[in-house]
Amino acid sequence: MGKQIKTAITPTRAEDYPQWYQEVVKASEMAERSPVRGCMVIKPWGYSLWENIVSVLDGMFKETGVKNAYFPLFIPLSFLEKEAEHVEGFAKECAVVTHHRLEKRADGGLEPAGKLNEPLVVRPTSETIIGDSFSRWVGSYRDLPILINQWGNVVRWEMRTRLFLRTSEFLWQEGHTAHATQEEAVERTFMMLDTYARLAEEYLAMPVVKGRKTASERFPGAVDTLCIEAMMQDRKGLQAGTSHFLGQNFARASGIKFQSAEESEGYAWTTSWGASTRLIGGLIMTHGDDDGIVLPPKIASSHVVLMPIIRKPEDRVKVMESVETLGKALKNITYHHRRIGVEIDDREIGGARGWEWIKKGIPIRVEIGPRDIADNSVYVGRRDKEHNDKVSINRDHFVGEVTNILDEIQDVLFGRALSFRKEHTVSIDDNNEFYDFFTPENQEQPEIHGGFAYAHWCGEDACESKIKDDLSVTIRCIPFDVPPEKGKCICCGNPSSGRVIFAKAY
Ligand SMILES: [Zn+2]
């Protein structure tokens, strides 16, 4: 074996993937745990990623006619009770406000007082409260469709949390639409799924499979839940966005009625769709390596870091002047509707400086010293290459080519993620082979194993839950891109009309 290669993150992905994830988030200064159990503090480097995601998605939504609005954080308990399946689905994760005042106790501490007549639920999702508004906004077919999006936060009380992936409070958007016909609502459900897929693939460089959830994995109260699923580097699936066709269930519960052109009264057809800060967790696990995170340029917090090399104090003024001029030139360049983000780091901390930016995943690192200035060149490292794979480039050429270099990095990242998924996607028809595929060799400390298994399923809940109980493997989706094919259920052997994707998942 060759000599041990030093990595910036310990443990490595192969050694302990969950621990690697925690270390990467910490080392990149994206987020940290908060004093409130299950809630996270998103630091500037992580938050700017979210801002970029918001900006891209918001633009895409508006292109389809969606408008933003804002609804209350608190939902009356009685609203949630209106849709039976919905309340059952969320009941276990609800944070409930029961008081509205604090009073001083005899010992000087504070205690809740002023009990509310009706408890308020901190929104876990807003179908019911938005439905209430829709019921007042809709009277006739002329008021439809209503296409609304809300950017905000939601609370779902989680017992086991992981930064970005599963937290009790998270940031997200939730779109809610109401339509006069079923066809139009279904069309909208697919349209928004395509929007999420575009964000994931074109911006996050994260390949996704589009498909439909099985009944047991459906959004509580929905008729149909569509999703995009991505494969992480530990070969587990991550649901990266969902779009729900709600039929008339929520319209009935909230009384969203309208008069048609023929003057008959009917319930509207509604949809809802959401994506959250979980996408950032997905991005880290899709592209991160043993040296830290790797940011796709189109969504990166910043694009280029300029690092002056100042060996002698008398060089400082000249080098800094050159660095600042280059910074200005780069900031004037537009890259996919956004100015190029430039960081200047003149801290004199030796090699640690470069490593910090590698850990933070910035796409391009540039070093500039007196010799480079004399040559009119810059010394460039790319995050998609080895840390010591750096080249000297003519300075003007670099400025002219920087957007192409960024696009190239973006493509490399997508290409890598796609080959990774292909490499770990299999078709399985044999039950033993299926169980082997999802069973680690080391039961004590499971090694990275499994992947996406396209296998036949008869459609029965019993088979789905047996596999879940035996292996912690679920049906991620019934993919749209596979043709119908006759076969035998991987679990019971009964006839099946097509393959579904089985995987372990976040
Ligand atoms: Zn079966």
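Whatever order the structure lists them in is the order used to number ligands and atoms, beginning at 1. In what follows, every heavy atom counts, from backbone to side chain, and hydrogens, waters and symmetry copies are set aside.
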- Near the Zn ion (ligand 1), meaning under 2.8 Å, the protein N/O/S atoms are C458 SG, C463 SG, C489 SG, C492 SG

- Message: Quick check for you: to the nearest 0.5 Å, what is the distance between D224 atom CG and F190 atom CZ?
- Response: 6.5 Å

- Item | Salt-bridge present (K26, E32; N to O < 4.0 Å) | no

- Message: Restricting to non-hydrogen atoms, name the atom on A503 and the atom on G237 that form the minimum distance, rounded to 0.1 Å.
- Response: CB-N, 4.5 Å

- Any donor-acceptor pair under 3.5 Å from Y21 side chain to D16 backbone: no

- Note on the structure: The single option from K236, R235, R421 that satisfies side-chain contact (heavy atoms from CB on, under 4.5 Å) with F452 is R421

- Do the rings of F134 and W137 sit parallel, tilted or perpendicular, given the 30° and 60° boundaries? tilted

